[in-house]
2 protein chains.
Amino acid sequence: MVDTVDLKIIESLKVNSRTSFVEIGKQVGLSPSSVRERVQKLEDTEVIKGYNVQLNNRKLGFGLEVFIMFKLFSGKLKTFCEQLEQFPEICEVFRITGTHNIFMKVILVDQLHLQQFIDRLLLYGEPTTHLILSDLKNL
Amino acid sequence: MVDTVDLKIIESLKVNSRTSFVEIGKQVGLSPSSVRERVQKLEDTEVIKGYNVQLNNRKLGFGLEVFIMFKLFSGKLKTFCEQLEQFPEICEVFRITGTHNIFMKVILVDQLHLQQFIDRLLLYGEPTTHLILSDLKNL
DNA sequence: ATTGAAACGGCCCCACC
DNA sequence: GGTGGGGCCGTTTCAAT
């Protein structure tokens, strides 16, 4: 269903998702039309879910990035999920195994913002916060 | 340095980083040239760090996604960082606060693969593994 | 910093293999 | 599933403002 050429195309898009089909075609030895067709199929079958931009949040005025391990109060999962849109600070949320059954990545302006955010979270469970010090993949 | 028009452009790229400058121009009320110039500047100043593709790892044969909270042995940070390329399974790594001072997201084929991966990690520290059950942002 | 115009290159559809 | 071509659309550069 997904062959090695598809994987090469995906590798190329991983490096830069704005790469043109012509350029990808050169890399994988295929015509632009074929690349387009394959990418289309990968999108249709939801192997490719979307294309994102990677931002420097600090330079956008968000000086704090934190991970929160969250222990939801029992029976609160549904209401928490429904309220997720009320927390624009949460950029990723996952249900995970462990006593802290929710994991989230949160982007915040500063410590005050973090405090206010945690206060709002306390309605739904018990948070444990870990500040992100540095991204080891990008220096 | 980054004004509201830049923020609108960034919002558009967040939704889909392959959106054309013409389309973004329509959304923000600017000519394609101007959009391009602004995006160029955002890239040059590293506000925009890159463009990524969002994949369905399960459909690519990676059935397990886990978070690992990692307690590095003292003095092992440097060697661990140098060995990172030897762990293609690690797709994100951060230094964080807390007794588990490293956080990583890892993509794996199956439980056997996880076991082998953890065995290799044990040279550098003590891992605590959390399976990802579901992404609450996307269903 | 923004623009329009022009040249260029990429995208897309379709007919064909 | 892959290709090639023609028309269209997007991108890039640049001179002018």
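Here is how names work: the chains are called A, B, and so on, in the same order as the sequence lines, proteins then strands, and each is numbered from 1.
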Which listed nucleotide (C:dT3, C:dA1, D:dT3) is nearest to the side chain of B:Lys41?
C:dA1
If we count only N and O atoms by modelled type, under 3.5 Å, do the side chains of B:Glu46 and A:Asn56 hold a donor and an acceptor together?
no
Rounded interatomic separation in angstrom, taking CG from B:Asp3 and C1' from C:dA1:
10 Å
Within 45 degrees of the axis of the six-membered ring of A:Phe21 and under 6.0 Å from its centre: does A:Arg36 put its NZ or CZ there?
no
So if I define the base as every atom that isn't primed, P, OP1 or OP2, how would nucleotides 11-17 of chain C read as a B/S/- string at a heavy-atom cutoff under 4.0 Å?
SSB----
If you take the centroid of each ring, where Trp contributes its six-membered ring, are A:Phe70 and A:Tyr124 closer together than 6.0 Å?
no
How many Å lie between CD on B:Gln40 and C1' on D:dC14, as a whole number?
15 Å
Are a donor atom and an acceptor atom from the side chains of B:His113 and B:Glu89 found within less than 3.5 Å of each other?
yes
Without decimals, in angstroms, what is the distance between A:Ile24 CD1 and C:dG10 P?
12 Å
Value in whole Å for how far the C1' atom of D:dT11 lies from CD of B:Glu43:
13 Å
Would you say a side-chain N or O of A:Ser34 is under 4.0 Å from OP1 or OP2 of D:dT3?
yes
Are the aromatic ring centres of B:Phe67 and A:Phe67 under 6.0 angstrom apart?
no
May I ask you to check whether B:Phe80 and B:Phe73 place their ring centers less than 6.0 Å from one another?
no
